[in-house]
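Being a predicted model, the structure only gives us computed values, none of them experimental.
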Number of protein chains: 2
Amino acid sequence: MPETFPTKPEVARPTMIDVARRAGVGLGTVSRVVNGGHGVRDETAQRVRAAIDELGFQRNEVARALRPGKKSTSLALVLGDLTNPFYATIAKSSLEVAGQSGFAVVLGSVDEDPEGEKRAIQELVSRQVAGLMIVPDQGDHAFLQGAGVPVVFVDRPATGIDADIVMVDNEGGGKLATDHLLAQGHERIAILLAPSYYTIGRRLRGFRRAHRAAGIDVDESLVIQLPEGNAEAAEKATREVMLRADPPTAIFASTNFLTEGVLRALGELGQEPAVVGFDDFRLADMLPTPVTVVASDIAELGRSAARLLLDRASGADTRPPQRIVLPCGLIERGSGERPPRSAGERNPR
Amino acid sequence: MPETFPTKPEVARPTMIDVARRAGVGLGTVSRVVNGGHGVRDETAQRVRAAIDELGFQRNEVARALRPGKKSTSLALVLGDLTNPFYATIAKSSLEVAGQSGFAVVLGSVDEDPEGEKRAIQELVSRQVAGLMIVPDQGDHAFLQGAGVPVVFVDRPATGIDADIVMVDNEGGGKLATDHLLAQGHERIAILLAPSYYTIGRRLRGFRRAHRAAGIDVDESLVIQLPEGNAEAAEKATREVMLRADPPTAIFASTNFLTEGVLRALGELGQEPAVVGFDDFRLADMLPTPVTVVASDIAELGRSAARLLLDRASGADTRPPQRIVLPCGLIERGSGERPPRSAGERNPR
DNA sequence: CTCCTGGACGGTAACGTTTCCAACGCTTTA
DNA sequence: TAAAGCGTTGGAAACGTTACCGTCCAGGAG
C-alpha cells in the first residue's frame, strides 16, 4: 500500500441543519439569523449564534447562489497580461472595491485570441457571477447581449453590445502629448502605434487633431503601425526611423511598453529626440533622461468599473448604459521637453 | 415613473431539464452526454447535443458544485499587492496553468492585516473552491488545518500548518549576491531588510553565511532593518547610511522595491557604491547604471503552485506535503560589479 | 370570554445538477 | 425456452440554502 498523505479526518463542514439541531431551533430560524436576523427574538438569536460559533459554521455560498434570482457574490474580471502594470492596477483597484462589498473577483483564464476570450467569458457566466468586467479584445461581444448578466467594459468599448464603459480620454491624451511637443517647436513627430486597438486609434486621432490645430501637416511616413504591441517591435521601429535621412525630432509612444522599446533603441543609438509616452510606468523618473508621459488614474478606472458593476448587479442602478471618461494629464520629466535639433547637429559626440 | 434601463427580456437560461424535454430524453441522459457521454447510444447523444446547441445550454457550475464531494472548478489565490510585479507574475502564471485545466482563479480581497487575510481566506473557503494558493502574511494559519481544502503556500511557509510550499532559495540567493560583492573586494556591505518576512530572514542568513565563508565580520550597523517594505523607506535609509563617516562600499537590497529606493537615493547623492538587488524588475537594465540582481523564475513559482494544487485537488497526489525550492541566479548588469572605493575617493566630482 | 391580529418560529418546496437504482430490451448462454 | 448478463435509459434522491406558508401563542379589542 502506498504511503498516503495523512488527510485530516475530513471533517464534514457543518451545515445550517447542524446548527439548527444544536441550537434546538428550526432551519428557517438559523437562516434568518445568518442573514441579518430580522423577525427572531433576541434570546433565540443568541442561542443560534452560540451554536454557529461552537460548530464553526460557515455559510455555503455555492448553495446560496443556487436559489433562483440570487446571484453569487463574485464578479468576473477578464483582461490581458497581468504582468502589464496597466492591467495589474485595474485588477488591484477593482478587487479592492469588490472586496469592500464582500464580493470576490474571479479571473478568467486569459488567452490572446478572441475565441479564447469568448470561451473564458462563457465559463465565467456558467459560474453564475453577478457581473462581468471586461477589457475587451477585438471581436464581437454580441453574445453577451442576452446573457442576463450586467457587463462593464473597461478601457475600451466592445462591438455588438451596448453596455457600460469606463475609459480614459485617449483622444485628449493624444492631443495633450502632441500639443506639448509642438509647443517645443517640434514639427516632425513620429507616433508609434500598437496593433489596432480602439484606444490607439483615438490617441492617433488626438495626434492628428493637434497637428491640424497647429497648422502643421502630419508626415504619414512618421505614423508607424507596429506589427506587435511589445517593446521589441517598438525598439526595431525606432531604430529604423531614426536612421532615416530625415529622422523625426520627437517620438510619441502610444503605450507604456512601446515607450520602453523606444528608449532602449535611443540609448543604443545615442540619439536624443524628444519622447513622450502614453501611460506612466514605474521608474520612468529614474531613467537616464526621465520620461515625460501622458497619464491617467488607472486605479480609478478599476474602481469606477467595480462600483458601477456592483450597482448594476444589485439592481440599484437602472440608468441607461453609462460612459465614464477619465481625464489625462501630462507629467513633465525631461524627455518631452527637449528642443528639436536640426539634422546637422545630430549625434552629439 | 423613473426611466429604467431597458433590461433585456431576462431570458431564463435553459437548464438540463429543458434540454431533456427538447431532445425527448431523460434528465440523466443529458447529464451523461454533457460529461463525456459514456453509456449513451451515439444516436441519442446526437439528439441531445443538437438540443444543447439549439437552446444554447450551458451547464450551471454552481449547481454542479453543490453535489457532495464535487468541488467547484475554481482555485483561490490570496496574495498581496498585485501592483508589485512579483505578485502579478505569480497571478499570471498560476492563472495560465489553472485555465488550461478549465479552472478559474478567484482572487480574495487582500487586506494588509493578518485578520483581513483570515477573513478573505474564509470567504474563499465558503465559496467551496477546490484549493487555495496563499502567499501568507504573518499570523497563524492553523485555522486552515481542518478546512478540508488543499492548500499550497507560495513564496513563504505559514506557521501552524503543514502544507505544500513552493518557494525560491532565499538563503542561496542571499549568499550568491553577497559572495559576488565579496569577490569584488567589498568588505563593508550594507544589507537593507524589509519588515520581518520569512524570506527576508533567509536572505540575511545567506548574507551572513557568505561573510563567514569569506572570513569577514559583518558590521552589524550595516544590517539595516527598515520599518516598511517600500521604496521610500529604503531611500531614506540609504541616504542615512551613505552619509555616515564610514559608509559601506556596497549595498544589498533585499527586495525589488527596496532596490528602487536605494537607486533613487544614490542618484540624488551622486554616490556609486556597488548595488545588488533581490528579484529582477522591469527596466533594471536601462537605468543609468544597469542593476545587477539575484533573480529566480517567479513565473515558475506560480506554475508549480497551481500544478501542485490541481493534483492535490483531484486527489491524484497524495504524497506528504511537498517543499519545492527554485534556484536563484545572478544577473550581472554593472551595478554589482563596481569595485570598492576607499573613503578618500568618494564623491567623484 | 371570544375573536382577531401579529410576531415568532417550524416545515417544506425549490434551485440545477450528479449519481444511484430500477427498468427495459436485446443478446448470449445453459 | 428460460435465465442471465449487459448496455441503455428514465426517474428520483440528495446537495445546502432561501422563501414562502402555515401554525402557534400572546395580547388587545369587541
Open item on the list: Considering every strand and a 4.0 Å limit on heavy-atom distances, what is the contact class for B:Val40: base, sugar-phosphate, or nothing?
Closed with: sugar-phosphate

Task: Exercise: identify the closest heavy-atom pair between A:Tyr87 and A:Leu79 - done: O-CD2, 3.6 Å

Open item on the list: With a cut-off of less than 4.0 Å, is there a side-chain N or O of A:Thr29 near OP1 or OP2 of C:dG10?
Closed with: yes

Task: Minimum-distance pair of heavy atoms, taken over all atoms of B:Leu82 and A:Ala91 - done: CD1-CB, 3.7 Å

Open item on the list: Distance check needed: C:dT17 C1' versus B:Arg13 CZ, whole Å only.
Closed with: 15 Å

TODO: Quickly work out the A:Gln58 CD to D:dG16 C1' distance and round it to whole Å.
DONE: 14 Å

Task: Test side chain to side chain donor-acceptor pair (under 3.5 Å) applied to B:Glu300 - qualifying residues, sequence neighbours left out - done: B:Arg303, B:Ser304, B:Arg307

Task: Touch class at under 4.0 angstrom, heavy-atom based, for B:Gly39 against every strand present - done: base

Task: Minimum heavy-atom distance B:Leu55-B:Pro14, with the two atoms named - done: O-CG, 3.3 Å

Task: Nucleotide C:dG11, atom C1' - distance to CE of A:Met16 in whole Å - done: 15 Å

TODO: Could you state the atom-to-atom distance from CD of A:Glu61 to C1' of D:dT17 in whole Å?
DONE: 10 Å

- [ ] Please state whether the phosphate of D:dT9, meaning OP1 or OP2, lies under 4.0 angstrom from any side-chain nitrogen or oxygen of B:Arg41.
- [x] yes

Open item on the list: Can you confirm if the NZ or CZ of B:Arg13 lies within 45° of the ring axis of B:Phe57 and under 6.0 Å from the centre of its six-membered ring?
Closed with: no

Task: Toward the 5' end of DNA chain C, by each residue's nearest nucleotide, A:Asp42 or A:Leu27 - done: A:Asp42

TODO: Would you indicate which nucleotide in C:dG16, D:dT17, D:dT9 comes nearest to any side-chain atom of A:Ala63?
DONE: D:dT17

Open item on the list: Among C:dG10, D:dT17, C:dT17, which nucleotide has an atom closest to any side-chain atom of B:Arg59?
Closed with: C:dT17

Open item on the list: At less than 4.0 Å, is any side-chain N or O atom of A:Thr44 found next to OP1 or OP2 of C:dC9? Yes or no.
Closed with: yes

TODO: Rounded to the nearest angstrom, tell me the gap between atom CG in B:Asp18 and atom C1' in C:dT17.
DONE: 13 Å

- [ ] For B:Gln128 and D:dG16, give me the distance from atom CD to atom P, rounded to whole Å.
- [x] 9 Å

Task: Under the salt bridge (Lys or Arg N to Asp or Glu O under 4.0 Å) test, residues paired with B:Asp140 that sit two or more places apart - done: none

- [ ] Check the side chains of B:Arg59 and B:Asn35 for a donor-acceptor pair under 3.5 angstrom, ignoring hydrogens and angles.
- [x] yes

- [ ] Measure from CZ on A:Arg127 to P on C:dT17 and round the result to the nearest Å.
- [x] 15 Å

Task: Spacing of A:Leu66 atom CG relative to D:dC15 atom C1', expressed in whole Å - done: 9 Å

Open item on the list: I'd like to know if A:Arg119 pairs up with A:Glu123 as an ion pair, taking the criterion as any Lys NZ or Arg NE/NH1/NH2 lying under 4.0 Å from an Asp or Glu carboxylate oxygen.
Closed with: no

Task: Short side-chain N/O contact to D:dC15 OP1/OP2 from A:Thr15, under 4.0 Å - done: no

- [ ] Pick base, sugar-phosphate or nothing for B:Val25, based on heavy-atom distances below 4.0 Å to the nucleic acid.
- [x] sugar-phosphate

List every contact pair, protein side and nucleotides 20-23 of chain C side both N or O, where the distance is under 3.5 Å.
none

